[in-house]
Amino acid sequence: MQLEKVYEPQRFEAHWAKWWEESSLFAADPSKPGEAFSIAIPPPNVTGSLHFGHMLEHTLMDMNVRWNRMSGKNVLWTPGMDHAGIATQMVVERDLAKQNISRHDLGRVEFEKKVWEWKEQSGGRIEEQMRQIGDSVDWTRSRFTMDEGLSRAVREIFVRLYERDLIYRGQYMVNWCPRCNTALSDLEVNHEDTAGSLWHVRYPVVGSDEFLVVATTRPETMLGDTAVAINAADERYVHLHGKTVRLPLVGREIPIILDDMADPEFGTGVVKVTPAHDPNDFEAGKRHNLPHVKVINEAGAMTAEAGAYAGLDRFEARKKVLGDLKEAGLLEKLTPHNLPISMCQRCRTIVEPLVSTQWFVKMKPLAAPAIAAVEDGSIQFIPANFANTYFEWMNNIRDWCISRQLWWGHRIPAWHCATCGKATVARVEPTVCAHCGSASIEQDTDVLDTWFSSGLWPFSTLGWPDKTADLDRYYPTSLLITGYDIIFFWVARMIFMGIECTGKIPFHKVYIHGLVRDAQRQKMSKTKENVIDPLVMTAKYGTDATRMSLLLGAPPGTDIIFTEDRMESSRAFANKIWNAARFLFLNMERAGVEAWVPAEQESYLPEPVNGVVTLEDRWIFSRLNACATQMNKALNSYRFHDAAQIVWTFFWREFCDWYVEMKKLKFEEGSGLNAHWRNILTVFESALRLLHPAMPFLTEELWQRLAAGHGRKASIAISVYPQPNGAADDEEAEQQMAQLQEIISSARNLRADAKLDPKEPLDAAIYAAGPVARLAEQQREAIERLANVKLTVSAADAVRTTGPMRSTPEFDLVLAVSAAQLGALKGRLEKEIVDLNKVIVSSERQLSNEDFLKKAPEKVLEGMRAKLADYHAQREKSLKALASLAGA
RNA sequence: GGACCCGUAGCUCAGUUGGUUAGAGCGCUUCCUUGACACGGAAGAGGUCGGUAGUUCGAGUCUACUCGGGUCCA
């Protein structure tokens with residue numbers, strides 16, 4: 001059972017990943033017992049590959065899933081991918097463009113085929129990444145949003161919503177991307193503040209010499225103006241009420257309307273109204289019954305309505321319009337003006353507001369129960385403040401434009417009739433128009449917004465709309481883990497779709513993690529080329545170390561700044577554990593101990609050695625129990641960074657630094673499996689189980705070596721998670737151990753301060769009252785070995801030998817050191833006395849405050865008094881030690 | 001304009017109902033290659049918890065204001 005000297009995770013990770021899958025360890029079975037615990041993976045875009053942010057998300061999910069599985073729950077973690085409409089289509093089109101092919105060259109059917117090919121290739125990459133990072137998903141239930149079953153779910157809910165009048169088709173202003181050539185939802189548009197200009201243009205008032213000066217940021221749209229608006233309360237323009245103006249360059253006579261959209265404080269207080277090209281103007285147009293003049297088309301070019309400007313690109317047209325206005329003397333001035341410009345989230349093309357016929361979901365009725373579900377706590381956000389973000393959006397929700405002029409996605413299940421013009425919406429492809437019976441019907445060419453299908457994810461993956469055993473057992477899902485960037489896109493939509501489709505909420509808890517940013521705090525993005533492939537990190541540091549560093553740095557909702565330092569320290573931790581195991585295995589061989597593990601239990605008590613339980617055993621079992629208690633509590637309350645920290649401290653600072661060091665002294669060659677061994681192996685094995693959800697590969701590897709062939713479960717992944725057990729608490733052992741640690745540290749500290757060679761054995765004398773003296777006597781070997789001293793134990797009041805002394809309220813420790821080496825000690829003692837003086841003064845001040853004495857709880861008072869007494873005692877001793885040094 | 005978050009050691013961050021000398025990792029200083037581990041061990045240095053005012057016997061923790069940084073929505 002020899003282990004390599006250095007932890008080399010690459011040697012075993014792939015092996016266990018493969019074995020876990022082949023052994024079907026993570027396949028869910030709804031017929032098995034146990035409270036259900038289910039998570040649906042946020043489906044990654046099939047085009048992409050997982051980046052480092054995904055690894056954080058997946059690590060958090062996997063830790064939850066593994067912990068719940070080990071805790072006896074019936075666990076399902078559903079993997080899968082999203083077809084990601086626009087994103088995928090763009091990637092494939094870009095790829096085709098390299099061969100000078102456009103999708104129109106291929107035609108819709110062939111193009112879709114190409115995308116499916118791409119999907120196979122790219123999806124495989126994601127699955128490979130998921131296996132490598134240890135995701136314990138149920139691969140047999142892997143889903144894709146364009147699967148047959150999920151597509152059926154999409155059609156089902158579309159038809160239902162349509163029948164309930166919650167889906168409608170209409171002419172509205174939408175965000176149009178001239179490059180993607182499709183409508184976009186409000187969420188798919190990013191706003192960026194840009195330095196622009198405000199042009200002041202003179203519109204001649206008809207029947208007068210007056211001009212009305214209009215301020216605009218988009219002069220090219222003036223060609224489509226059908227009114228100008230002033231505020232009724234604006235005294236400057238009262239005399240123009242009811243008049244008209246002549247639209248420059250076009251010559252059209254348009255009315256001056258009164259509307260609050262004109263803000264007297266802004267610009268000239270006059271605004272042009274272009275109902276066909278601005279959302280506000282569109283609304284104003286409805287209020288005042290204004291005609292639409294569409295001067296920009298879907299490609300972003302000027303239409304025939306733009307007259308002389310027809311055919312020009314919209315930005316070219318702007319230049320020309322401005323030039324012509326200037327020439328005509330109608331351009332009064334321009335002022336610099338910051339304005340938000342709207343860009344396509346995918347390609348950053350400036351979107352054009354256009355009126356077109358689109359499909360919409362009526363949101364108000366769907367939002368109401370979705371808001372209620374979060375308000376009444378049925379769905380809980382962690383951290384809770386993200387509920388505000390959710391409410392903010394849901395309370396101001398607008399109808400959702402769900403049609404996209406793309407080829408890749410779920411085709412809208414509506415058939416338009418050439419005869420009567422009406423639409424037939426159906427679950428199954430109809431042969432005739434439902435309204436007039438005509439056979440000349442054709443399916444709508446649009447597809448649905450990607451988020452329409454991902455909104456169904458928690459239940460469509462479980463078989464909905466059929467009533468399945470999975471749906472029955474695992475829905476609502478237990479937990480959703482996702483980033484705050486898709487609360488609106490996805491979380492909100494799953495909530496209202498879930499309630500609408502199933503009558504139930506889709507999940508009970510929503511855990512929001514932060515984003516992983518680079519060392520410069522930049523969001524990772526492909527365009528910035530700062531995206532990190534998880535597999536690059538796992539290859540370099542090991543998957544477990546990478547996972548650990550993500551967990552440690554990830555309190556709920558806060559971003560992680562990525563640095564490789566973190567990876568290195570976690571790798572050091574993994575290496576530490578590896579070597580602790582290596583040490584155990586080496587010594588087992590020397591002692592003639594065969595591989596052994598205790599019978600599987602949730603908790604253990606230490607076994608006596610020759611009728612007495614040793615201090616180190618009592619202590620470590622007490623600490624193990626504390627660790628199990630805290631781990632379960634932390635995991636239960638979604639404090640994963642705490643959990644990681646707790647198990648780290650236990651394994652390294654307690655098990656390795658102290659327990660193993662003390663146990664070393666008890667090992668004997670050829671001893672065979674004795675109580676010492678059973679105790680240390682029990683603790684080690686339990687610690688591996690505690691650590692497993694965070695570091696699955698390392699713990700599996702070591703556990704298998706430890707437990708090989710002992711009638712245990714096949715894998716640590718399905719062993720029992722350690723649970724709290726009050727009987728293992730041992731307050732006395734913890735106190736004694738703390739005392740012992742202080743004795744050893746004091747001796748080391750004196751030695752270091754005197755700048756002595758750590759290898760040189762020294763004489764040490766300890767002066768202490770009964771209990772501590774007895775402890776020192778009992779633990780003589782540990783003290784002597786760990787501090788490298790020869791120890792004499794004396795009564796507290798015995799005469800001190802001269803030499804550097806270290807004092808605590810419980811004991812004095814004197815080291816035999818020559819006078820020449822004492823210089824450094826003096827300075828330290830003086831500093832210590834100064835520090836003590838400070839805290840004594842502040843404690844005494846507080847203890848003489850009558851309000852404090854009256855109002856503070858007795859427990860706090862007691863603690864304070866005891867502490868003060870200790871400070872005094874310690875100062876006395878330090879003063880004495882200083883005096884004895886001076887005399888030496 | 002609305003909402004939210006952050007500001008604690010040189011760096012990255014913990015610090016859950018306010019309570020006794022504020023912690024971790026990295027980095028830094030000194031020493032140590034003693035058969036688990038130098039991806040290690042030992043001993044250290046380093047913080048008036050952004051600022052001001054308030055509530056309280058007591059504030060990193062609560063309140064108000066303020067300065068600085070960030071995110072989302074409009």
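Because only heavy atoms are used, hydrogens play no part in the values below, and waters and symmetry mates are left out as well, while side chains stay in. Chain naming here is simple, since letters A, B, ... match the order of the sequence lines and numbering starts at 1 in each.
- R521(A) has a side-chain polar atom (N or O) that falls below the 4.0 Å cut-off from OP1 or OP2 of C13(B).
- Stems are defined here as 3 or more consecutive Watson-Crick or G-U wobble pairs with pairing distances under 3.5 Å; those involving RNA chain B are B:1-7 with B:67-73, B:10-13 with B:23-26, B:28-32 with B:40-44, B:50-54 with B:62-66.
- Within 4.0 Å of R865(A), counting heavy atoms only, lies no atom of the nucleic acid at all.
- Distance check on atom P: A22(B) versus C39(B) gives 34 Å, rounded to whole Å.
- One N or O on the side chain of N788(A) and one on the backbone of K759(A) form a donor-acceptor pair closer than 3.5 Å.
- At the heavy-atom level, T558(A) lies under 4.0 Å from the strands shown only through sugar-phosphate atoms.
- Counting non-hydrogen atoms under 4.0 angstrom, A752(A) reaches the backbone sugars and phosphates but no base.
- Within the structure, a side-chain polar atom (N or O) of K576(A) is placed less than 4.0 Å from OP1 or OP2 of G41(B).
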Inset, instruction - Would you give a per-nucleotide map of nucleotides 69-74 of chain B, 5' to 3', where B means the base has a protein non-hydrogen atom under 4.0 Å away, S means only the sugar-phosphate does, and - means neither? - result: ---SSS

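- Counting non-hydrogen atoms under 4.0 angstrom, R748(A) reaches the backbone sugars and phosphates but no base.
- Between the side chain of E4(A) and the base of A36(B), no donor-acceptor pair under 3.5 Å is found.
- Between F381(A) and Y390(A), the ring-plane angle classifies as tilted under the 30° and 60° cut-offs.
- Counted within 6.0 Å of CZ on R653(A), heavy atoms from surrounding residues, nucleotides or ligands total more than 12; the atom is thus considered enclosed.
- Contact annotation: S745(A) side-chain N/O to A43(B) OP1/OP2 distance is under 4.0 Å.
- Nucleotides U71(B) and C31(B) are separated by 48 Å at their C1' atoms, to the nearest Å.
- Contacts of K664(A) with the nucleic acid, taken as non-hydrogen atoms under 4.0 Å apart, include base atoms.
- Here E661(A) lies in heavy-atom contact (under 4.0 Å) with a base.
- Phosphate proximity of C37(B) to K5(A): present, with a side-chain N or O under 4.0 Å from OP1 or OP2.
- A close approach under 4.0 Å does not occur between any side-chain nitrogen or oxygen of R751(A) and OP1 or OP2 of U30(B).
- When heavy atoms are screened at a 4.0 angstrom cut-off, T563(A) is found touching no nucleic acid atom at all.
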Inset, instruction - May I have the step-by-step check of side chain to side chain contact (heavy atoms under 4.5 Å, CB included) for R566(A) and L552(A), ending in yes or no? - result: CA-CA 9 Å; R566(A) 291 170 175 298; L552(A) 281 167; 5.7 Å; no

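- Rounded to the nearest 0.5 angstrom, F667(A) CZ and L586(A) CG are separated by 11.0 Å.
- For the pair R493(A) and W400(A), the distance from NZ or CZ to the six-membered ring centre is under 6.0 Å and the angle to the ring normal is within 45 degrees.
- Dashed line: the shortest gap from a side-chain N or O of R639(A) to OP1 or OP2 of G15(B) is under 4.0 Å.
- Other residues, nucleotides and ligands contribute over 12 non-hydrogen atoms within 6.0 Å of the CG atom of D757(A).
- At the heavy-atom level, Q645(A) lies under 4.0 Å from the strands shown only through sugar-phosphate atoms.
- Close to G41(B), at under 4.0 Å from its OP1 or OP2, lies a side-chain N or O of W652(A).
- Once rounded to the nearest 0.5 Å, the distance linking OG1 of T59(A) with NE2 of H513(A) reads 10.5 Å.
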